[in-house]
Trainee: 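Sharing a structure, written as structure tokens. Questions coming.
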There are 2 protein chains.
Amino acid sequence: MARRDPLEVANALHRAAIRLLRTVRVADNETGVSAPKLSALSVLTFGGPQSLTSLARAEQVTLATMSKLVSDLEAEGLVAKRVDREDKRGLRIEVTAKGRALMEEGRKRRLARLNKLIAKLSREERAQLADAAEIMMRIAE
Amino acid sequence: MARRDPLEVANALHRAAIRLLRTVRVADNETGVSAPKLSALSVLTFGGPQSLTSLARAEQVTLATMSKLVSDLEAEGLVAKRVDREDKRGLRIEVTAKGRALMEEGRKRRLARLNKLIAKLSREERAQLADAAEIMMRIAE
DNA sequence: TTACTTAGTTAGTCAAACTAATTTTTTGGT
DNA sequence: ACCAAAAAATTAGTTTGACTAACTAAGTAA
């Protein structure tokens with residue numbers, strides 16, 4: 001069943017990851033906010049308020065790209081920008097109540113969708129997936 | 001270590017998959033061909049010559065989008081378009097020798113990059129990842 | 001044959017990525 | 001204390017890949 005060849009393992013994970021992301025994306029589309037914006041919002045939600053630079057780094061995009069994404073999110077009332085008190089060049093970007101509500105909704109939607117899939121699995125299989133995720137996180141940077 | 005809560009498992013896999021894809025993308029960028037084009041080329045390489053419609057369906061984009069991607073690939077000499085003999089509305093798109101060479105190069109590059117990561121793992125951990133990939137494929141779609 | 005369906009193309013729009021140039025502020029060296 | 005260099009954001013402009021809508025050409029069926 002299990003291939004030991006690294007390339008086979010990598011390819012299998014690659015394909016599986018793409019499929020998984022496709023499934024999740026459906027739920028995300030329903031929020032009316034694009035994937036890059038949702039992702040940035042997620043970093044802010046779970047990582048706490050932070051500068052544009054650190055957000056850009058977390059999302060692996062340029063500062064310019066993130067500047068636009070955050071401006072859009074601000075225009076939609078999902079985040080708020082404030083000048084950093086200690087460094088007036090810098091921003092402190094934080095999630096608004098509305099932004100938090102949207103994330104929570106999204107979380108529920110995603111859960112509903114994934115529950116249908118994951119519910120098919122046994123306790124052991126779920127544990128296997130959790131372990132695999134942990135391994136992947138450890139090796140991927 | 002292993003969380004049993006479906007949402008936790010799903011989120012962990014989601015994040016892990018994103019990271020994995022990011023890593024692979026770096027290798028793909030070196031080919032000088034964009035990810036969507038590489039992906040279409042991959043479908044043609046492994047799935048054999050096929051129509052624009054079936055390619056579009058495989059890649060989950062519209063016909064119009066795929067039409068442009070394939071035209072670009074053709075301009076770069078990576079695929080060839082021929083009118084279907086049996087249905088002159090249809091195309092038969094196939095990978096050229098140049099296209100196949102590029103895929104092979106890409107495969108090597110990706111292998112080199114992923115080997116570094118996967119080599120850190122034990123035999124058992126690799127098997128775990130392979131099993132997880134199999135489970136993911138089974139439940140996603 | 002006339003009407004419908006299917007395959008693909010083209011035009012036009014939009015979002016998100018990039019680079020380059022600019023402003024504002026902070027920091028370091030002399 | 002000053003001035004140069006670095007850092008944080010923004011803005012302008014480009015490219016790519018996605019979409020829809022409108023089209024042509026070819027096959028199918030009433």
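Numbers restart at 1 for each chain; the letters A, B, ... are given by sequence-line order, proteins then strands. Predicted model, so just to flag it, every value in this text is computed and none were measured. Any value given below was found using the heavy atoms of this structure, including those in side chains, with hydrogens, waters and symmetry copies removed.
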Trainee: If only side-chain N and O atoms of A/S67 are considered, is one of them under 4.0 Å from the OP1 or OP2 phosphate oxygen of D/dT10?
Mentor: yes

Trainee: Count the heavy atoms of every other residue, nucleotide or ligand shown that sit under 6.0 Å from NZ of B/K88, and state whether that count exceeds 12.
Mentor: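 Open.
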
Trainee: Does atom NZ of A/K81 have more than 12 heavy-atom neighbours, drawn from other residues, nucleotides or ligands, at distances under 6.0 Å?
Mentor: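 Yes - once you tally the heavy atoms of other residues, nucleotides and ligands closer than 6.0 Å, there are more than 12.
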
Trainee: Between A/D72 and A/K68, does any side-chain N to carboxylate O distance fall below 4.0 Å?
Mentor: yes

Trainee: Specify the separation, in whole Å, of atom CG of B/L55 and atom C1' of C/dA7.
Mentor: 13 Å

Trainee: Collect all protein-nucleotide pairs involving nucleotides 17-22 of chain C in which both atoms are nitrogen or oxygen and the distance is under 3.5 Å.
Mentor:
| unit_1 | atom_1 | unit_2 | atom_2 | d |
| --- | --- | --- | --- | --- |
| C/dC18 | OP2 | A/T62 | N | 2.9 |
| C/dC18 | OP2 | A/T62 | OG1 | 3.0 |
| C/dC18 | OP2 | A/T65 | OG1 | 2.8 |

Trainee: Take atom CD of A/E76 and atom C1' of C/dA15, then tell me their distance rounded to the nearest Å.
Mentor: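 Going from CD in A/E76 over to C1' in C/dA15 covers 12 Å.
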
Trainee: Can you pull every protein N or O that's under 3.5 Å from an N or O on nucleotides 27-30 of chain D?
Mentor:
| unit_1 | atom_1 | unit_2 | atom_2 | d |
| --- | --- | --- | --- | --- |
| D/dG27 | OP1 | B/K88 | N | 3.0 |

Trainee: Within the pair A/K37 and C/dA16, is there a side-chain N or O less than 4.0 Å away from OP1 or OP2?
Mentor: yes

Trainee: To the nearest 0.5 Å, what is the distance between CG (B/D84) and CG (B/L52)?
Mentor: 12.5 Å

Trainee: Tell me: CZ of A/R92 to P of C/dT25, nearest whole Å?
Mentor: 20 Å

Trainee: Just how far, in rounded Å, is P of C/dG8 from CG of B/D84?
Mentor: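 Those two atoms, CG and P, are 8 Å apart.
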
Trainee: When the distance from CD1 of A/I93 to C1' of D/dA8 is rounded to whole Å, what number comes out?
Mentor: 11 Å

Trainee: Under 4.0 Å between a side-chain nitrogen and a carboxylate oxygen: does that hold for B/R92 and B/E94?
Mentor: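 Yes, charged N to carboxylate O under 4.0 Å.
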
Trainee: CG of A/L52 versus C1' of C/dT25: gap in Å, rounded?
Mentor: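 To the nearest whole Å, that distance equals 16 Å.
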
Trainee: For the residue pair A/L41 and A/L78, what are the closest heavy atoms and their distance?
Mentor: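 Shortest heavy-atom separation between A/L41 and A/L78 comes out as CD1-O, 3.9 Å.
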
Trainee: Quickly work out the A/M66 CE to D/dA9 C1' distance and round it to whole Å.
Mentor: 13 Å

Trainee: Taking the nucleotide of DNA chain C with the closest heavy atom to each, which residue, B/S71 or A/D72, is nearer the 5' end?
Mentor: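 Looking at DNA chain C, the more 5' nearest nucleotide goes with B/S71.
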
Trainee: Charged N to carboxylate O under 4.0 angstrom, B/E124 versus B/R126?
Mentor: no

Trainee: Looking just at side-chain N and O atoms, do A/S39 and A/E59 make a donor-acceptor pair shorter than 3.5 Å?
Mentor: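 Yes, a side-chain donor-acceptor pair sits under 3.5 Å.
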
Trainee: Starting from C1' on C/dT23, measure out to CG on A/L91 and report it in whole angstrom.
Mentor: 14 Å

Trainee: Tell me the closest heavy-atom pair linking A/L129 and A/L121, and the distance in Å.
Mentor: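 Closest approach of A/L129 to A/L121: CD1-CD1, 3.7 Å.
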
